[in-house]
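Input: a single structure, listed below in structure tokens.
Quick caveat, the model's predicted, so the values are computed rather than measured.
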There are 4 protein chains.
Amino acid sequence: MTENVAPFPVSDDQDTQDEQPKDTGGIGGQRLMSFIERIERLEEEKTALMEDLKEVYAEAKGVGFDVKTMRKVVALRKMDTEKRRETEELLDLYKSAIGMM
Amino acid sequence: MTENVAPFPVSDDQDTQDEQPKDTGGIGGQRLMSFIERIERLEEEKTALMEDLKEVYAEAKGVGFDVKTMRKVVALRKMDTEKRRETEELLDLYKSAIGMM
Amino acid sequence: MTENVAPFPVSDDQDTQDEQPKDTGGIGGQRLMSFIERIERLEEEKTALMEDLKEVYAEAKGVGFDVKTMRKVVALRKMDTEKRRETEELLDLYKSAIGMM
Amino acid sequence: MTENVAPFPVSDDQDTQDEQPKDTGGIGGQRLMSFIERIERLEEEKTALMEDLKEVYAEAKGVGFDVKTMRKVVALRKMDTEKRRETEELLDLYKSAIGMM
DNA sequence: ACCGTGGTTAGCTTTC
DNA sequence: GAAAGCTAACCACGGT
């Protein structure tokens, strides 16, 4: 119990002197901001990729393909891939279970 | 009506001789596959980014931050950004609505 | 695995004698229809509300307001409301995260 | 051209004396607020209905029905209804076209 | 370990 | 036909 649920890490080596200029909002503030910024950077990239995807679909549509159908195709292929992967995992599981690995 | 519902573009300059070796399923098949592959590549990258995000959150959690709270903070910061953008758009909208643009 | 994917509840005390008069299509049929009808009633009401909304916008337009701008205003007000709500939730979250609740 | 695109109606009988106490932001402000409030009221009701719907689905799920399948059923029934309605509209059209109404 | 909840993402509808 | 807003499906997380 008494788990670590704090919204900020409670450093044991807590500053006994607040020497840091421009502490961004107290305990762990800088470290938190660092994480937040990494996250926001990744989300930006993700957003960019989503826009790229939309563009590809738009281009395909522009040359006459039906977008809705294409999405279906992609979804089906994804399902196939996952199915296959799971099947292979199961196979590995069996093999290791009988000492074949 | 008369919509374009075909899952492939119906080229007018359709090959009269099917000279292509390995035609991937007929009319437009190769072009379609090219799009599909571009899409799948982008989706892979997106998935990778999402995994990176999870890792960052996990790392933050590992040093004591509360993930749920962090997500909330990120969401609120995003809302701020969007709010600002939309407010500016609204201003433009007002301006165009009253003929100031 | 072994999920509940049946479109109807599989009663364990399954009828050993099919004595029900007018069973609407098998096991649980009547109960299902009851749910469906409740749902359809609610959706009707929803549709009616959406029509009312369109009418209000149309009336506003009729007296000279710009609908697009109005929608934007409504959306921004909604964002404000949500922002406030979420901010309060975040506060609670912080409090619970640091054990203040 | 020069249509009515203003975000507010430009009354010709515009108040020459601003006698109204608490005018909500100038020209047409009160009238606009009235519309906005009607809209927000309707949207609240809509939201409430959507919550009711979720509850019904939840209840159905609670007794063992598969929600996704139920949604499909509802959607299909709706399609039927619309199909029928359109067919009837077409019939009316024919009838009026040949002077039967 | 599973279920239920909440949040995110994708698809569809409607508008312009 | 394109863009936006809304709705429904999906997924990851925490609780039991």
Side-chain angles (χ1 to χ4, degrees), chain A residues 1 3-5 39 42-43 46-47 49-51 53-55 57-59 61-62 64 66-72 74-75 78-79 82, chain B residues 2-4 39 42-43 46-47 49-51 53-55 57-58 61 66-76 78-79 82 85-86 89-90 93 96-97, chain C residues 1-4 39 42-43 46-47 49-51 53-54 57-58 61 66-76 78-79 82 85-86 89-90 93 96-97, chain D residues 3 5 39 42-43 46-47 49-51 53-55 57-59 61-62 64 66-72 74-75 78-79 82:
Chain A
M1 288 305 137
E3 298 185 8
N4 188 353
V5 293
I39 288 162
L42 290 168
E43 300 225 311
K46 183 156 67 90
T47 301
L49 279 175
M50 288 169 65
E51 280 162 11
L53 273 167
K54 286 182 68 173
E55 281 169 31
Y57 278 114
E59 186 186 341
K61 180 175 187 172
D66 178 64
V67 171
K68 192 172 173 183
T69 303
M70 283 182 69
R71 285 187 186 277
K72 267 274 187 299
V74 171
K78 189 176 172 189
M79 279 187 62
E82 283 168 3
Chain B
T2 50
E3 299 178 11
N4 180 3
I39 288 163
L42 289 168
E43 300 225 311
K46 183 156 69 90
T47 301
L49 278 176
M50 288 169 69
E51 279 162 12
L53 273 167
K54 287 181 67 173
E55 281 168 32
Y57 277 114
K61 181 175 189 172
D66 178 65
V67 172
K68 191 172 174 184
T69 303
M70 283 182 68
R71 285 188 187 275
K72 205 94 187 166
V73 170
V74 170
L76 285 171
K78 190 175 171 191
M79 277 189 66
E82 285 170 3
R85 220 201 56 232
E86 291 200 10
E89 282 176 10
L90 179 62
L93 202 52
S96 74
Chain C
M1 295 301 149
T2 53
E3 299 178 11
N4 181 3
I39 288 162
L42 290 169
E43 300 226 310
K46 183 157 68 97
T47 301
L49 279 176
M50 289 169 68
E51 280 162 12
L53 273 167
K54 287 182 68 173
Y57 277 115
K61 182 174 188 173
D66 178 65
V67 172
K68 191 172 175 185
T69 303
M70 283 181 68
R71 285 187 186 277
K72 205 93 186 166
V73 170
V74 171
L76 285 172
K78 190 176 171 189
M79 277 189 67
E82 283 170 2
R85 221 201 57 232
E86 292 200 10
E89 281 175 10
L90 180 62
L93 202 53
S96 74
Chain D
E3 300 185 7
V5 295
I39 288 162
L42 290 168
E43 300 225 311
K46 182 156 69 94
T47 301
L49 279 175
M50 287 169 67
E51 280 162 12
L53 273 166
K54 286 182 69 174
E55 281 169 31
Y57 278 114
E59 186 186 340
K61 180 177 187 171
D66 178 66
V67 172
K68 193 171 173 181
T69 303
M70 284 182 67
R71 285 187 186 277
K72 267 274 187 300
V74 171
K78 189 176 171 189
M79 280 186 62
E82 284 168 2

Detail all sub-3.5 Å separations between protein N/O atoms and N/O atoms belonging to nucleotides 14-16 of chain E.
residue : atom : partner : partner atom : Å
E:dT15  : OP1  : C:Lys54 : NZ           : 3.3

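- Residue-to-nucleotide proximity on DNA chain E shows that, of A:Ala75 and C:Glu89, the 5′-proximal contact is made by C:Glu89.
- Take B:Lys68 and apply the side chain to side chain contact (heavy atoms under 4.5 Å, CB included) test, not counting sequence neighbours, and it matches B:Asp66, C:Leu93.
- Regarding D:Tyr57, its OH atom lies at a distance of 13 Å from the C1' atom of F:dA9, rounded to whole Å.
- Residue B:Lys72 places no side-chain N or O under 4.0 Å from the OP1 or OP2 atom of E:dG6.
- Residues satisfying the side chain to side chain contact (heavy atoms under 4.5 Å, CB included) criterion with D:Glu51, sequence neighbours excluded, are D:Thr47.
- Checked against side chain to side chain contact (heavy atoms under 4.5 Å, CB included), C:Met79 has the following partners two or more places apart in sequence or in another chain: B:Met79, B:Lys83, B:Glu86, C:Leu76.
- Residues forming a salt bridge (charged side-chain N to carboxylate O under 4.0 Å, His left out) with B:Lys72 (at least two apart in sequence, or on another chain): C:Glu89.
- Straight-line distance from the CG atom of B:Asp66 to the P atom of F:dG14: 8 Å, rounded to whole Å.
- Rounded to whole Å, the distance from CD on B:Glu82 to C1' on E:dT8 is 13 Å.
- Annotation: side chain of D:Arg71 is in contact with side chain of D:Val67 (closest heavy-atom distance under 4.5 Å).
- Atom CD in D:Glu51 sits roughly 13 Å away from atom P in F:dA8 (whole-Å rounding).
- One can place CG of D:Leu53 at 18 Å from P of F:dC6, the figure rounded to the nearest angstrom.
- With sequence neighbours left out, D:Glu59 forms a side chain to side chain contact (heavy atoms under 4.5 Å, CB included) with C:Phe35, C:Arg38.
- When all heavy atoms of D:Leu53 and C:Lys46 are compared, the closest pair comes out as CD1-CE, 4.0 Å.
- Residue C:Lys78 is out of contact with every strand shown, counting any heavy-atom pair closer than 4.0 Å.
- Straight-line distance from the CD atom of B:Glu43 to the P atom of E:dT8: 19 Å, rounded to whole Å.
- When rounded to the nearest whole Å, the span between CE of C:Met70 and C1' of F:dA4 equals 18 Å.
- Per the geometry, CG belonging to B:Leu42 stands 15 Å off C1' belonging to E:dA10, to the nearest Å.
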